[in-house]
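The shown structure was predicted, so the numbers you read here are calculated from the model rather than taken from an experiment.
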Protein chains: 2
Amino acid sequence: MLNTMSTSAHPRPGSRTRGRPRDPELRERILDAAATLAMTAGIELGFERIAQEAGASRTTLYRWWDSPQELLLDAMLERTRWSLDHDSEGTAAARLRAQVIDAVEILSAPDTGRPLRALAAGALTNEKVRASFIEHWLEPRRAVAARILEDGMITGEFRQDLDVEAVIDALFSPIYHRLLLTRMPLGRSFGETLWNLVEPGLSPS
Amino acid sequence: MLNTMSTSAHPRPGSRTRGRPRDPELRERILDAAATLAMTAGIELGFERIAQEAGASRTTLYRWWDSPQELLLDAMLERTRWSLDHDSEGTAAARLRAQVIDAVEILSAPDTGRPLRALAAGALTNEKVRASFIEHWLEPRRAVAARILEDGMITGEFRQDLDVEAVIDALFSPIYHRLLLTRMPLGRSFGETLWNLVEPGLSPS
DNA sequence: CATTATCTGTACGCTCTGTTCACTATTTAT
DNA sequence: ATAAATAGTGAACAGAGCGTACAGATAATG
């Protein structure tokens, strides 16, 4: 059920409609502009700047997105689809560990981490952005981890009374915390440390 | 070295100086206004609104604070001094567990949690706010936990190769994550679950 | 050609920001 | 007393961004 179009834009029900079709090139330029601005400049994301950077009319942006952050979310989602792929081979522990380390590496890369900060800032400021961010960014990633955890619980690799949501929080929220707030070192070794710390709590007594 | 005055306001070196002394009542009204607005209204904190709510001149706010969020931070720091008190009795594990549960309860209370959201939003948007937030809010609380962890490592209650910062991240960042982003249930029982999950990773093998 | 929808460009009112200025108020130093 | 210094008020101003509206050009379908 991949939503290949945007999250906030008006959906296009039929495949072909009357009027002038949307210019996909323009859309790309706009998403690129947002991603670029969010990576280089700071958090000061606005329709004004994005439109200028993309060489598009501000009116067009208002037409398709409700806020610059929802626009940026679309950009990020398209640019990180690959990050949802994951092996289904190996033990549940190995797969979960790999996901933690993937997450650290994705978020520590500047071209993902910096825009994600802007996105999170929007999520804290704007309810709609928060909802979209959770639904389209956080939830799909949590679902992957949840799936692995449930697998492990069924096979007996993990204890059966785990609070899946809490485990996911313990494993992944430290990464966001470092990215967004403390900016403490965020590298592969932190992912490993984190995993080693939480893993003992997953095994059956 | 408690800074009894504000974080961002110009420090007062000598106890007595020349000119008209600052009106402490006015300062309180301003801090109250910020705390109230941050709790009731949304994140839309601004000098304009705060000044109006406090019945003060906007110029006065600009005089003492660089941003509405630094003002709010001052308000929050004064209103939560008590939360840094902690027992020094009992095992390190018991004390750390108590701090986790305290944290959940403080942050789940609307009159602390909501302003903290506004504060965090500011921290993501403004570098100065972020630095102040870390220095005056996060760090002192992390220091308490770090102290307990080091105690436990010395007495052998915890393993000696713990990464203190990572442990603190695992224990506390899920709380902020729920408060700020997912808004999943944040109650005492979540604190207990979290503790039970991470605690096995602390004990010597 | 008529219709429908996209995109552009301009313009306007709005709110908040950050700063300046003149003025009043209250304290200490001489 | 009077001067100097600092706090607070209130008004004004330019500037940025927002959100919206409108007129017109462009490009597809029926």
Every protein N/O lying under 3.5 Å from an N/O of nucleotides 21-24 of chain C:
none

**Message:** Nearest whole Å is fine: how far is C:dA5 C1' from A:Leu26 CG?
**Reply:** 14 Å
**Item:** Any A:Ser57 side-chain nitrogen or oxygen under 4.0 Å from OP1 or OP2 of C:dC7
**Value:** no
**Interatomic distance, B:Gln52 CD vs C:dC16 C1' [rounded to whole Å]** = 12 Å
**Message:** Rounded to whole Å, please give me the gap between CG in B:Asp66 and P in C:dT17.
**Reply:** 14 Å
**Request:** By nearest nucleotide on DNA chain C, pick out whichever of B:Gly19 and B:Gly46 is the more 5' one.
**Result:** B:Gly46
**A:Glu150/A:Arg95 salt bridge by N-O under 4.0 Å criterion** = no
**Atom pair CG (A:Leu45) and CD1 (A:Ile50), whose distance is rounded to the nearest 0.5 Å** = 4.0 Å
**Message:** If I take atom CD from residue A:Gln99 and atom CG from residue A:Leu171, how far apart are they, to the nearest 0.5 angstrom?
**Reply:** 9.0 Å
**Request:** Between B:Glu48 and A:Arg29, just flag the one whose closest nucleotide in DNA chain C comes earlier from the 5' side.
**Result:** A:Arg29
**Request:** Report the residue (B:Asp23 or B:Arg58) whose heavy-atom-nearest nucleotide on DNA chain D is the more 5′ of the two.
**Result:** B:Asp23
**Short side-chain N/O contact from A:Trp64 to OP1 or OP2 of C:dC7, under 4.0 Å** = yes
**Message:** Over all strands shown, is A:Arg49 touching base, sugar-phosphate only, or nothing at heavy-atom distances under 4.0 angstrom?
**Reply:** sugar-phosphate
**Prompt:** Taking only residues two or more places apart in sequence, or in another chain, which ones meet A:Glu165 in a salt bridge (charged side-chain N to carboxylate O under 4.0 Å, His left out)?
**Reply:** A:Arg142
**Item:** Nearest-angstrom distance from the residue atom CG of B:Leu61 to C1' of D:dG10
**Value:** 14 Å
**Asked** Once you round it to whole Å, what is the distance between P of C:dC7 and CD1 of A:Ile50?
**Response** 16 Å
**Fill in**
Of C:dT8, D:dT20, D:dA4, the nucleotide closest to the side chain of A:Tyr62 is D:dT20
**Message:** I'd like to know if B:Glu28 and B:Arg79 make a salt bridge, using a cut-off of under 4.0 Å between side-chain N and carboxylate O.
**Reply:** yes
**Message:** Using every non-hydrogen atom in the two residues, find where A:Ala51 and A:Ser57 come nearest and quote the distance to one decimal.
**Reply:** CB-C, 4.3 Å
**Request:** Determine the minimum heavy-atom distance between B:Ser67 and B:Asn126, stating which atoms define it.
**Result:** CB-ND2, 4.2 Å
**Item:** Length of the CZ-P vector between A:Arg18 and C:dA5, whole Å
**Value:** 8 Å
**Message:** In this structure, how many angstroms lie between the C1' atom of D:dT9 and the CD atom of B:Glu25, rounded?
**Reply:** 17 Å
**Complete:** Judged by nearest nucleotide, the residue sitting upstream toward the 5' end of DNA chain D, B:Ala56 or A:Leu45, is B:Ala56
**Request:** To the nearest Å, give me how far apart CH2 (B:Trp65) and P (C:dT19) are.
**Result:** 17 Å
**Donor/acceptor link under 3.5 angstrom from B:Arg27 side chain onto base of D:dG8** = no
